[in-house]
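These notes are about the structure you will find just below.
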Amino acid sequence: MNRMYDFSVDEALPKPERYRQLIDAAGALVDGERDGVANMANVAALMWDFLPDINWAGFYRVDPEGEGRELVLGPFAGKPACIRIPFGVGVCGTAAATGETQLIEDVEAFPGHIACDAASKSELVVPVQRDGRLIAVIDIDSPHLARFDREDAAGIEALAARICAAI
Ligand code: SME
């Protein structure tokens, strides 16, 4: 099937409205597709397209072989990244261990931060839960300090809730 997806981003819109558009586009892509890898890949591509000033966007999944205590790299956009992250290590591992969103203004000030790309300065990591269980985290990096705020966190949390059944 030859189908073009053209989700245009209106940079003039207020941030919450842009996140609503991102979430609608993600829903349109994942609804009706049962392959979780395909869905994560498309959501990573959408985040990359919709979010300005970022240098990495994607997923780490809870590895079912890791006794539920290890993250493994999933689909993403950006430079090749660290493959396995134990729970509790770095920003992603902290989000996984606590189940809480990590909004980090300066990654160098975060104890144990894992530098995959030296350009990354700030980071947002949001847990993805399904039926009350952590299944993945969404990780977004920026080359700018304090790139992410509460609106970004709320937007990506809403995205996680929208796609959690499809990944
Ligand atoms: N910086 C992350 C590791 C993943 S990369 O940024 C893609 C961390 O500290 O968990």
Side-chain angles (χ1 to χ4, degrees), residues 9 15 18-19 22-23 25-26 29-30 35-130 133-164 166-167:
V9 191
K15 219 185 251 191
R18 252 188 287 151
Y19 275 106
L22 167 60
I23 290 162
L29 282 170
V30 306
D35 190 282
V37 172
N39 289 334
M40 284 186 278
N42 263 336
V43 172
L46 274 182
M47 293 192 290
W48 184 255
D49 247 12
F50 269 72
L51 305 176
D53 304 322
I54 63 171
N55 62 323
W56 204 90
F59 291 84
Y60 279 89
R61 290 178 301 117
V62 177
D63 183 1
E65 308 290 308
E67 293 170 9
R69 303 298 300 169
E70 189 173 50
L71 295 168
V72 63
L73 184 63
F76 67 94
K79 289 199 174 161
C82 148
I83 298 169
R84 290 184 178 273
I85 302 178
F87 277 31
V89 175
V91 185
C92 292
T94 300
T98 61
E100 284 169 14
T101 293
Q102 303 293 309
L103 188 54
I104 309 301
E105 294 194 344
D106 178 359
V107 294
E108 274 161 36
F110 188 93
H113 165 250
I114 304 162
C116 293
D117 180 346
S120 298
K121 294 278 188 285
S122 60
E123 183 160 359
L124 172 62
V125 183
V126 169
V128 185
Q129 280 162 357
R130 186 167 60 213
R133 283 185 48 225
L134 182 81
I135 54 168
V137 301
I138 295 176
D139 181 18
I140 311 177
D141 287 17
S142 170
H144 303 293
L145 286 170
R147 153 69 181 78
F148 306 103
D149 61 16
R150 282 271 127 224
E151 285 184 341
D152 294 292
I156 297 299
E157 284 166 356
L159 175 67
R162 178 66 181 81
I163 58 146
C164 66
I167 68 167

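Counting starts at 1 for both ligands and their atoms, following the listed order.
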Q: Report yes if some heavy atom in the side chain of F110 is under 4.5 Å from a heavy atom in the side chain of E123; otherwise report no.
A: no
Q) Any idea which part of F110 is under 4.0 Å from ligand 1, heavy-atom wise: side chain, backbone, both or neither? A) neither
Q.
With heavy-atom distances below 4.5 Å as the criterion, would you say the side chains of R147 and P52 are in contact?
A. yes
Q.
Are more than 12 heavy atoms, taken from residues, nucleotides or ligands other than K79, located less than 6.0 Å from that residue's NZ atom?
A. no
Q) Has ligand 1 got any nitrogen or oxygen that is less than 3.5 angstrom from a nitrogen or oxygen of I114? A) yes
Q) At a non-hydrogen distance cut-off of under 4.0 Å, which region of D141 contacts ligand 1 (side chain, backbone, both, or neither)? A) side chain
Q: Could you point out which residue of V125, D141, I54, I156 forms a side-chain contact (heavy atoms from CB on, under 4.5 Å) with F148?
A: I54
Q. Would you say the side chain of Y19 lies within less than 4.5 Å of the side chain of D152, judging by non-hydrogen atoms?
A. yes
Q: Provide, to 0.1 Å, the distance between atom 8 (C) of ligand 1 and the closest protein heavy atom, together with that atom's residue and name.
A: V91 N, 3.4 Å
Q: With heavy atoms only and a cut-off of under 4.0 Å, state how C92 meets ligand 1: side chain, backbone, both or neither.
A: both
(Q) Check this for me: E151, atom CD, are more than 12 non-hydrogen atoms of other residues, nucleotides or ligands nearer than 6.0 Å? (A) yes
Q. What about E123: any of its N or O atoms under 3.5 Å from an N or O on ligand 1?
A. yes
**Q.** C116 neighbourhood, listing ligand 1 atoms whose heavy-atom distance to it stays under 4.0 Å
**A.** 3 (C), 4 (C), 5 (S), 7 (C)
Q.
Below 4.0 Å from ligand 1: does a non-hydrogen atom of F76 turn up there or not?
A. no
Q) Shortest non-hydrogen contact from A97 to G88? A) CB-N, 3.7 Å
Q. Going through the checks in order, is the side-chain contact (heavy atoms from CB on, under 4.5 Å) test met by F50 and L159?
A. CA-CA 12 Å; F50 269 72; L159 175 67; over 6 Å; no
Q: Run the numbers for me: atoms of ligand 1, each under 4.0 Å from some heavy atom of H113, listed by number.
A: 1 (N), 9 (O)
Q: For ligand 1, indicate whether the residue D117 contacts it via side chain, backbone, both or neither (heavy-atom separation under 4.0 Å).
A: neither
Q: For atom 4 (C) of ligand 1, find the nearest protein heavy atom and state the residue, atom name and distance (0.1 Å precision).
A: D139 OD2, 3.4 Å
